[in-house]
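Working notes, beginning with the structure itself.
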Amino acid sequence: MAGRFAPRPTRTSVRGGHVAVGGGVPRQAAAPGRVRDWVPDGPLDLGLVLGPLRRGPGDPTFRATPDGSVWRASLTPAGPGTLRVCAHGGGVRGQAWGPGAEWLLERMPELLGAADEPSAFVPRHRLLATARHRRPGLRLTRSGLVLESLIPSILEQKVTTDEAYRAWRLLVRRHGEPAPGPAPERMYVMPAPRTWALIPSWEWHRAGVDDKRASTILRAVRVAARLEQTVGMEPAAARARLELVPGIGPWTSAETVQRSHGAADEVTVGDLHLPGIVGWALAGDRDADDAVMLELLEPYAGQRHRAARLILLSGRVPARRAPKMPRWDIGRL
């Protein structure tokens, strides 16, 4: 689920949070790059908006630095690019480097939620009303890039988030290319589709990725152009095309379009924890399944993903009753 739980105050994560934290020191004095200023039409929290694009604290494609900036390294249709966004005056300033710089700056407003409509959400539960009041800067990002959200979502299938984050970190650092411009140290652009296709089997194994997930990624990158075309489709139609690839199901397609399309209604089903969290928050039912979750979210039709995101950010989750899912490192076998 994009944007899980309330953030720790010490870092920005995929779960959302503030941006004035993190690590990384620029390799060199910031080069001018290309610049664009943009003023949002309402409150904007960069950490909450861009947090779902981060795959763990060590994500090589994402960095939040102590000066309040958020850096992203992306493989755009125009080539690799690095984007830095930060608060500037009453708006946001974006700087970009690399062949994909113009592409990133052109789509920066959508990345920061310009296409989102937070006012369309009408809370019908006290918890959701409180969560929205406390998070006025929450907007849903639209990256416009499918593969960069699809591949890490596939890596997250049926494993702990720590295992998936580690696999993404190792594969991108080994097979990606350094981020253009004065990006923070150890930032990389994810590999191109052909590079993913050429990763040998033992490299997947060392990263802890089993054959099923690796094969799904290989099938996806073979039709990468067709999948990227779904950016111009409605989220439901985009999900249908994604799910034509064997190994991509409703969970993975929802996790992808929530980020690539800014899909406000595409709620994640098939998640191990989300139904119980939603059930507990809205009805005190920690044993809720997908059917119960969808029934509870029905009053928010059209905004169900936003409702689930606000529930996760509220921090109201049931107490754990079972041990954590065990971690297995197949790379040691």
Side-chain angles (χ1 to χ4, degrees), residues 1-5 14-16 40-45 48-53 107 109-146 149-150 153 230-243 248-271 273-283 285 288-314 316:
M1 175 68 200
R4 287 180 179 236
F5 309 117
V14 70
R15 297 168 180 168
D41 59 2
L44 178 66
D45 185 318
L48 287 178
V49 176
L50 298 178
L53 300 176
R107 289 159 179 80
E110 287 192 355
L111 180 73
L112 300 179
D116 188 30
E117 298 181 1
S119 61
F121 180 76
V122 180
R124 302 176 184 274
H125 191 283
R126 182 185 297 272
L127 179 138
L128 287 170
T130 302
R132 188 179 71 161
H133 176 73
R134 291 176 176 173
R135 306 280 182 166
L138 173 64
R139 291 171 178 255
L140 301 182
T141 185
R142 178 185 173 94
S143 71
L145 297 169
V146 173
S149 293
L150 175 63
S153 294
T230 62
V231 169
M233 303 166 61
E234 291 297 316
R239 291 186 63 183
R241 180 177 291 188
L242 289 174
E243 290 174 21
I248 297 178
W251 185 91
T252 306
S253 66
E255 289 286 308
T256 301
V257 300
Q258 286 167 6
R259 297 169 170 88
S260 62
H261 289 65
D265 194 48
E266 300 301 322
V267 63
T268 305
V269 296
D271 192 84
H273 305 290
L274 184 61
I277 293 171
V278 173
W280 177 256
L282 298 184
D285 180 7
D289 56 13
D290 281 333
V292 173
M293 176 182 69
L294 293 176
E295 181 179 351
L296 291 171
L297 292 175
E298 182 59 31
Y300 304 101
Q303 296 284 318
R304 294 179 299 174
H305 168 51
R306 192 191 309 278
R309 179 96 192 270
L310 286 169
I311 289 171
L312 292 167
L313 289 172
S314 74
R316 181 175 170 79

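Residues that satisfy the side chain to side chain contact (heavy atoms under 4.5 Å, CB included) test with Pro250, not counting sequence neighbours, are Arg239, Glu243, Val269.
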Practice problem: Begin from the C-alpha positions of Leu282 and Leu297 and carry the test side-chain contact (heavy atoms from CB on, under 4.5 Å) through to its verdict. | Solution: CA-CA 9 Å; Leu282 298 184; Leu297 292 175; 4.2 Å; yes
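Nearest heavy atom pair, residue Ser260 against residue Val146, reads CB-CA, 4.1 Å. Met233 approaches His261 most closely through the heavy-atom pair O-CD2, 3.4 Å. Considering all non-hydrogen atoms of both residues, Asp289 and Val292 come closest at OD1-N, 2.9 Å. Of all the heavy atoms in Val231 and Gly144, the pair that sits closest is CG2-O, 3.3 Å. Nearest heavy-atom pair, Pro43 versus Pro136, reported as atom, atom and distance to 0.1 Å: CB-O, 3.7 Å. Heavy-atom minimum distance, Ala115 versus Glu110: CB-CG, 4.3 Å.
Taking the side chain as every heavy atom from C-beta outward, Ile277 and Asp271 never approach each other to under 4.5 Å. Side-chain contact between Met293 and Asp290 is present, with heavy atoms from C-beta onward closer than 4.5 Å. A 4.5 Å side-chain heavy-atom check between Asp45 and Arg135 finds every atom pair outside the cut-off. The side-chain heavy atoms of Leu112 and Leu50, taken from C-beta on, include a pair separated by under 4.5 Å. Residues Leu242 and Thr252 form no side-chain contact, since every pair of their non-hydrogen atoms from C-beta on lies 4.5 Å or further apart. A heavy-atom distance below 4.5 Å is found between the side chains of Leu53 and Leu111. Side-chain contact check for Val267 versus Tyr300: every heavy-atom pair is 4.5 Å or farther apart. Contact check for Leu274 versus Ile311: no side-chain heavy atoms found under the 4.5 Å cut-off.
In this structure, NE2 in His305 is found 9.5 Å from CD in Glu266, a value given to the nearest 0.5 Å. Between the CZ atom in Arg309 and the CG atom in Leu48 there is a gap of 6.0 Å [rounded to 0.5 Å]. With rounding to the nearest 0.5 Å, the separation of NE2 in His273 from CG in Leu312 is 11.0 Å. Between the CZ atom in Phe121 and the CG atom in Leu310 there is a gap of 5.5 Å [rounded to 0.5 Å].
The closest donor-acceptor contact from the side chain of Arg259 to the backbone of Pro52 lies under 3.5 Å.
Applying the salt bridge (charged side-chain N to carboxylate O under 4.0 Å, His left out) definition to pairs two or more places apart or across chains, those involving residues 114-131 are Asp116-Arg306.
Under the 3.5 Å distance criterion, with hydrogens and angles disregarded, no donor-acceptor pair is assigned to the side chains of Ser149 and Glu255.
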